[in-house]
Number of protein chains: 2
Amino acid sequence: MPEWRKDPLVDRWVVIATERGKRPCDFKVVSDEKKGGRCPMCPGHEKDTPPEVTAFRETGSRPDTPGWWVRVVPNKFPAVRIEAQPGVRRRGVFEVMDGLGAHEVVVETTGHDTGLEFLDERQVEEVIWAWQQRSLDLRKDARFKYIQIFKNFAQTAGASLEHPHSQIVALPMIPPDISEELAGMKRYAQNTGRCLICDLLEQELGEQERIVQESGKFVCIAPYASRFPFEVWIVPREHQHDFGGIRADQVPDLALVLRATLRAIHDSIGRPPYNMVLHTAPVNVADTIHYHWHLEILPRLTVMAGFELGTGYYINPTPPELAAQVLRDQETFCPPPVYQQTEREVTHYV
Amino acid sequence: MPEWRKDPLVDRWVVIATERGKRPCDFKVVSDEKKGGRCPMCPGHEKDTPPEVTAFRETGSRPDTPGWWVRVVPNKFPAVRIEAQPGVRRRGVFEVMDGLGAHEVVVETTGHDTGLEFLDERQVEEVIWAWQQRSLDLRKDARFKYIQIFKNFAQTAGASLEHPHSQIVALPMIPPDISEELAGMKRYAQNTGRCLICDLLEQELGEQERIVQESGKFVCIAPYASRFPFEVWIVPREHQHDFGGIRADQVPDLALVLRATLRAIHDSIGRPPYNMVLHTAPVNVADTIHYHWHLEILPRLTVMAGFELGTGYYINPTPPELAAQVLRDQETFCPPPVYQQTEREVTHYV
């Protein structure tokens with residue numbers, strides 16, 4: 001019998017197929033063909049991008065030249081613009097405002113072919129430091145209320161360039177996914193005096209069946225109401241509402257857990273397309289202390305179709321208990337991926 | 001300068017690229033390869049599906065034999081099950097219930113290769129009657145609170161069988177997308193004494209620039225805060241909260257507008273993958289009269305990526321004004337589609 005499971009944070013129910021849960025081999029993993037051509041993110045091509053916002057680079061090397069190991073540039077085709085003005089205009093039932101925001105790209109390494117999961121630990125730490133630095137800098141602009149850090153890997157997950165990179169979008173309003181999570185956490189705190197995610201972690205650590213990785217400062221879980229097969233969240237053990245407040249003693253630990261998790265996904269499923277989204281407290285607004293930041297990794301093995309788009313609910317053919325076991329054991333259930341665009345298996349009967 | 005536009009119904013902002021909006025030719029349309037093999041929905045193969053729930057068929061023909069023109073069957077691999085029991089169980093922070101629901105498939109025609117947009121008008125009417133009949137029948141089960149009717153066309157939109165069909169899922173709770181829309185419409189009615197969608201239609205008809213089609217009883221618009229390129233909504237002109245209440249004088253008109261809209265999408269874009277979702281009032285609950293049902297058609301030319309999954313906001317590279325103009329004029333901006341799985345162009349720079 002399938003189960004409806006409710007996300008503890010928001011009003012989102014997910015149908016979990018509890019019988020015959022789909023293992024990695026039951027999905028056809030779509031990997032991208034190698035593209036070739038000139039890569040605007042490779043060292044020596046710094047002039048192909050807008051001038052860098054910041055870079056971690058060798059002492060004495062000049063901006064927009066080689067010598068960097070992590071480089072942040074404005075998106076060449078930004079979805080939103082920093083020079084826009086805030087202020088909502090209303091026309092009848094419609095509301096509109098200029099496309100205010102910031103849109104940056106974090107080039108995670110000089111190596112065109114070295115995915116985040118294969119970087120050395122120190123380099124993953126540097127990427128995390130870049131995320132934090134941009135998050136802290138962008139919030140100095142009081143017009144911004146949320147800093148969304150995310151990563152798209154492979155075309156099926158929305159990436160069009162293959163050089164390892166992540167993205168940062170600063171937004172002039174708090175997105176609904178975050179405001180709903182924050183409202184849920186506030187309500188819980190008012191009712192219990194505790195943090196919902198701290199309690200959730202305690203329960204997960206007690207039950208153990210959805211734990212993927214544990215380290216001193218972070219826990220990786222397959223969430224109880226996972227929307228996607230092999231979805232995992234990396235959560236700081238201690239209550240911390242704002243990713244921007246991550247400390248020097250946490251970063252190496254996060255780098256280790258993040259890299260190990262991505263490696264487990266790579267090794268068990270075979271380099272699937274994935275999105276990674278960082279959920280953290282809004283900025284430049286009051287009363288966000290009840291939030292508990294976390295990093296969500298969302299492999300894209302199924303298609304979001306009419307059911308998901310019509311309702312906001314999800315159907316997940318892989319129970320998170322199975323996902324956690326597969327990722328923990330790192331069994332290779334699949335043959336090595338074939339690097340070409342192949343037809344993708346679809347989860348539903350129709 | 002791009003624009004942030006707010007959906008009038010819910011808290012959802014969309015970035016609309018207002019300059020250099022993407023026309024059909026700017027997207028690579030992914031069409032499916034012909035699959036071949038035995039189709040469980042073709043006449044003569046009725047035993048390949050579970051026994052039919054209902055069918056419109058020739059007098060004297062027996063169930064589960066040929067002679068039908070529209071046929072409704074239970075999904076062979078249902079996401080949810082009618083034999084489950086309602087009732088939420090709680091374990092710590094988690095809530096779960098049995099996978100209660102119904103999951104049916106509407107076979108829209110006997111013709112394996114004749115898409116909804118190429119059926120004759122009378123046949124499209126029959127499909128609409130089948131949707132209505134199932135909606136009215138499923139709500140007799142008081143455990144169900146919402147009947148989601150939807151259609152996935154082509155693999156990229158989640159379909160795995162190519163024979164034209166739609167799906168119906170009956171749910172034991174009101175999905176968040178509907179409860180938010182309903183709450184928005186209630187609030188608007190309390191503040192103004194009017195219906196939000198009736199007012200929206202009036203404004204759209206006045207401004208004209210997002211109108212795709214008009215008929216006596218229905219209007220097709222490209223919504224102001226469209227999430228997807230070439231997204232369109234078909235809306236009844238008169239206030240009607242419940243699709244189940246559609247009348248005999250409305251059905252032929254809806255059939256005409258629906259078919260013409262799908263044809264315009266087919267002719268202008270070249271048979272793109274799409275989802276269609278019917279948004280209507282919940283059932284078996286009080287106080288839904290302020291809802292105004294509508295049919296959303298969502299072409300899948302872009303990828304929902306980290307930004308969309310992290311925030312609940314969308315980036316749309318095609319302004320709805322351009323979409324409406326393209327669909328109205330039915331200019332063929334694109335060469336005829338090639339029917340094979342091809343690499344898909346991705347909208348964002350990274």
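The shown structure was predicted, so the numbers you read here are calculated from the model rather than taken from an experiment. The chains referred to below are lettered A, B, ... by the order of the sequence lines, with proteins before strands, and numbering in each begins at 1.
- Going from atom CZ of Phe307(A) over to atom CD of Gln148(B) covers 7.5 Å, rounded to the nearest 0.5 Å.
- Only the side chain of Val277(A) comes within contact range of chain B, with heavy atoms under 4.5 Å apart.
- If you measure heavy-atom distances from Tyr274(A) to chain B, you find no contacts under 4.5 Å at all.
- Chain A forms more heavy-atom pairs under 4.5 Å with one residue of Phe150(B), Tyr146(B), Tyr224(B), Trp13(B) than with any other, namely Tyr224(B).
- Most heavy-atom pairs under 4.5 Å with chain B: of the set Ile178(A), Leu100(A), Leu196(A), this distinction falls to Leu100(A).
- For chain B, the nearby part of Glu204(A) is the side chain; its heavy atoms alone come within less than 4.5 Å.
- Using a distance-only test at 3.5 Å, with no hydrogens or angles considered, a donor-acceptor pair links the side chain of Gln203(B) to the main chain of Arg91(A).
- For a residue to count as touching a neighbouring chain, one of its non-hydrogen atoms must lie under 4.5 Å from one of that chain's; by this rule Pro172(B) touches chain A with the side chain only.
- Within the 4.5 angstrom heavy-atom criterion, atoms from both the backbone and the side chain of Glu3(A) approach chain B.
- For the options Val169(B), Leu309(B), Asp11(B), heavy-atom pairs under 4.5 Å to chain A are most numerous at Leu309(B).
- Using a 4.5 Å heavy-atom threshold, the side chains of Val93(B) and Tyr188(A) count as touching.
- The contact between Leu200(A) and chain B is made by backbone and side chain atoms together, counting heavy-atom distances below 4.5 Å.
- With a 4.5 angstrom heavy-atom cutoff, Glu162(B) does not touch chain A via any of its atoms.
- There is no contact between Phe153(B) and chain A, counting heavy-atom distances below 4.5 Å.
- Shortest non-hydrogen contact noted between Asp98(A) and Trp4(B) is O-CD1, 3.2 Å.
- Among Glu296(A), Lys6(A), Lys151(A), the residue making the largest number of heavy-atom pairs under 4.5 Å with chain B is Lys6(A).
- Looking at Val88(B), only its side chain comes within 4.5 Å of chain A, counting heavy atoms on both sides.
- When heavy atoms are compared at a cutoff of 4.5 Å, Ala157(A) approaches chain B solely by way of its backbone atoms N, CA, C and O.
- If you measure heavy-atom distances from Val15(A) to chain B, the contacts under 4.5 Å come from the side chain alone.
- Using a 4.5 Å cut-off between heavy atoms, Glu202(A) makes no contact with chain B at all.
- Of the listed residues Val80(A), Val96(A), Ile174(A), the one with more heavy-atom pairs under 4.5 angstrom with chain B than any other is Val96(A).
- Heavy atoms closer than 4.5 Å to chain B are found in the side chain of Asn275(A), but not in its backbone.
- Taking chain A as the reference chain and counting heavy-atom pairs below 4.5 Å, the highest number among Met304(B), Met97(B), Arg81(B), Met276(B) is found for Met97(B).
- Only the side chain of Glu180(B) has a heavy atom closer than 4.5 Å to any heavy atom of chain A.
- Side-chain contact between Tyr313(A) and Leu171(B): present, with at least one pair of heavy atoms (C-beta onward) separated by less than 4.5 Å.
- Contact annotation for Ile149(A): neither backbone nor side-chain heavy atoms come within less than 4.5 Å of a heavy atom of chain B.
- Considering all non-hydrogen atoms of both residues, Gly158(A) and Ala305(B) come closest at CA-CB, 3.9 Å.
- Contact annotation for Leu278(B): neither backbone nor side-chain heavy atoms come within less than 4.5 Å of a heavy atom of chain A.
- Interface summary for chain B: among Arg12(A), Met173(A), His163(A), Glu83(A), the most heavy-atom pairs under 4.5 angstrom belong to Met173(A).
- The residue among Gly312(B), Pro176(B), Gly92(B) with the most heavy atom pairs within less than 4.5 Å of chain A is Pro176(B).
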